[in-house]
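Notes follow the structure.
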Amino acid sequence: MERNFISATIITRNEARNIERCLNSLIGVTDEIIVVDSCSTDNTTEICRRYGAKVTERPFTGFGSQRQYATSLTNGRYVLSIDADEVLTEELRNSLIKLKADGFVHRGYAFNVVNFMCGKALQHSGMAPQWQTRLFDKRYAQWDLLDVGERLSFADPVKPCRLEGDLHHYRCMDFTEYEEKELRQAALKGRLLAAAGINASTPACWFRAAAAFVASHFSEAAFLDGQQGRHIAKTKFKTTLAAYRQARTINKEKQQGKS
């Protein structure tokens, strides 16, 4: 494996409207692009192959396991993990190109990730810009296998080197798209809650949803993000309620199966 070789990994499902923007930002930065697609029904894989990406189709088994599987397919030591709806800014592209020219000296590199909703950069709502380790030496790091909330962990404590430039995360083009994405994740969270034995009563489901709304709107200052923030808080209510209802339904079905 070449020392200054960067492999990009992307996990996808029906990302035709986003993926080309992401792939364009990788040109001249990465040496290979590994795409693990979860049975897309649009032309996501066709677009990826047009850009020279190596596409593998694999049923979705959770975000953590999909990312780790994609990492296992790479040929480079250093892996750049990026989502289909994310884009390297020109400043970050230049930082990565310079890094490759100078040579890697750290096991991990972090980028400032800026979330956008309907064209607006978010500063609050639990989605304020934050540093995330997205480029790493795969010999020392791996993704945990969580269905949602997956994280990258290192065998030994690592302080990632921060690079100049931002990674832009375009979460949605409209509020409907955002809500649909969050409800899909809520279904996964519901299964996790059920597996953990959590079986909230109907009033408790509503209480937890209301608490999530209040926390988003006030503790996370969603109201300061204007219309986008209000929608995020409202969606937190809907998805929290959906997750606990899903867990309740699964547990009820288990009980019926035992009787």
Side-chain angles (χ1 to χ4, degrees), residues 11-15 18 38 59-67 83-86 113-132 143-153 169-257:
I11 60 174
T12 60
R13 187 177 191 280
N14 293 338
E15 292 286 358
N18 295 312
S38 302
F60 186 75
T61 55
F63 288 102
S65 59
Q66 291 292 94
R67 293 191 196 282
D83 287 339
D85 56 0
E86 295 178 333
V113 180
V114 182
N115 290 292
F116 286 79
M117 176 177 281
C118 303
K120 179 179 179 178
L122 301 173
Q123 300 299 322
H124 309 280
S125 309
M127 297 186 192
Q130 62 174 308
W131 291 93
Q132 295 182 14
W143 293 97
D144 59 37
L145 302 182
L146 295 177
D147 289 348
V148 291
E150 72 285 0
R151 292 187 180 278
L152 185 70
S153 60
H169 184 184
Y170 296 98
R171 288 186 168 269
C172 66
M173 301 300 290
D174 54 60
F175 293 141
T176 299
E177 180 189 357
Y178 174 71
E179 189 171 307
E180 288 174 350
K181 284 183 176 180
E182 292 300 299
L183 284 171
R184 286 196 293 271
Q185 290 215 20
L188 294 174
K189 290 177 183 176
R191 291 202 289 272
L192 292 176
L193 291 171
I198 296 173
N199 189 23
S201 64
T202 298
C205 292
W206 283 89
F207 175 80
R208 291 176 186 270
F213 172 85
V214 171
S216 176
H217 209 61
F218 297 104
S219 300
E220 296 177 345
F223 68 93
L224 293 176
D225 278 324
Q227 184 182 14
Q228 282 83 352
R230 291 192 296 273
H231 194 83
I232 289 170
K234 184 174 71 173
T235 303
K236 283 281 183 69
F237 176 90
K238 289 183 178 181
T239 55
T240 302
L241 182 61
Y244 279 95
R245 279 179 166 174
Q246 169 89 340
R248 186 169 175 77
T249 298
I250 292 172
N251 285 322
K252 184 177 180 181
E253 290 172 351
K254 286 181 180 178
Q255 289 300 321
Q256 290 175 343

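Values below: every heavy atom of this structure, side chains too, minus hydrogens, waters and symmetry copies. For clarity, every value in this text was computed on a predicted model and none was experimentally measured.
Checking side-chain atoms of Lys120 against main-chain N and O of Asp225 turns up a donor-acceptor pair under 3.5 Å. No donor-acceptor pair closer than 3.5 Å links the side chain of Ser216 to the backbone N or O of Ala212. Asn115 places a side-chain N or O within donor-acceptor distance of the main-chain N or O of Met127, the cut-off being under 3.5 Å. Counting only distance, with no hydrogens or angles, the side chain of Asn251 and the backbone of Ile198 share a donor-acceptor pair below 3.5 Å.
Around the CZ atom of Phe207, the shell of radius 6.0 Å holds no more than 12 heavy atoms that belong to other residues, nucleotides or ligands. Atom NZ of Lys252 has 12 or fewer neighbouring heavy atoms from other residues, nucleotides or ligands inside a 6.0 Å radius.
A distance of 10.5 Å separates NE2 in His169 from CG in Leu122, rounded to the nearest 0.5 Å. A distance of 13.5 Å separates NZ of Lys189 from CZ of Arg184, quoted to the nearest 0.5 Å. A distance of 10.5 Å separates OG of Ser125 from CZ of Arg230, quoted to the nearest 0.5 Å. The distance from the CD atom of Glu150 to the CD atom of Gln66 is 10.5 Å, given to the nearest 0.5 Å. For the atom pair Leu192 CG and Gln246 CD, the distance stands at 10.5 Å (nearest 0.5 Å). The OG1 atom of Thr12 sits 11.5 Å away from the CG atom of Asp85 when rounded to the nearest 0.5 Å.
Note on residues 234-254: pairs passing ring pair (Phe, Tyr, Trp, His ring centres under 6.0 Å), not counting sequence neighbours, are Trp206-Phe237. Counting only residues at least two apart or on different chains, no salt bridge (Lys or Arg N to Asp or Glu O under 4.0 Å) pair has a member in residues 198-207.
A heavy-atom distance below 4.5 Å is not found between the side chains of Gln123 and Leu224. For the pair Tyr170/Asn18, no side-chain contact is recorded, criterion being any heavy-atom separation below 4.5 Å from C-beta on. Between Arg191 and Ile250, some side-chain heavy-atom pair lies under the 4.5 Å cut-off. Looking only at side-chain heavy atoms (C-beta outward), Phe175 and Met117 come within less than 4.5 Å of each other. Within the 4.5 Å cutoff, the side chain of Lys181 has no heavy atoms near those of the Arg171 side chain.
Smallest separation of non-hydrogen atoms from Ala221 and His124: O-CB, 3.2 Å. Heavy-atom minimum distance, Ala247 versus Ala194: CB-N, 3.8 Å. In terms of heavy-atom proximity, Thr240 sits nearest to Lys236 at OG1-O, 2.7 Å. Listed here is the closest heavy atom pair of Ser65 and Thr61: OG-OG1, 2.6 Å. Contact detail for Leu188 and Phe63: the closest heavy-atom pair is CD1-CE1, 3.8 Å. Looking at every heavy atom in both residues, Arg245 comes nearest to Cys205 through N-SG, 4.3 Å.
A search for ring pair (Phe, Tyr, Trp, His ring centres under 6.0 Å) contacts involving Tyr178 returns nothing, not counting sequence neighbours.
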Please determine whether side chain to side chain contact (heavy atoms under 4.5 Å, CB included) holds for the pair Gln185 and Thr239, giving the CA-CA distance in whole Å, both sets of side-chain angles, and the decisive distance to 0.1 Å.
CA-CA 8 Å; Gln185 290 215 20; Thr239 55; over 6 Å; no
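Using a cutoff of 4.0 Å between basic side-chain nitrogens and carboxylate oxygens, Arg67 and Asp83 are scored as salt-bridged.
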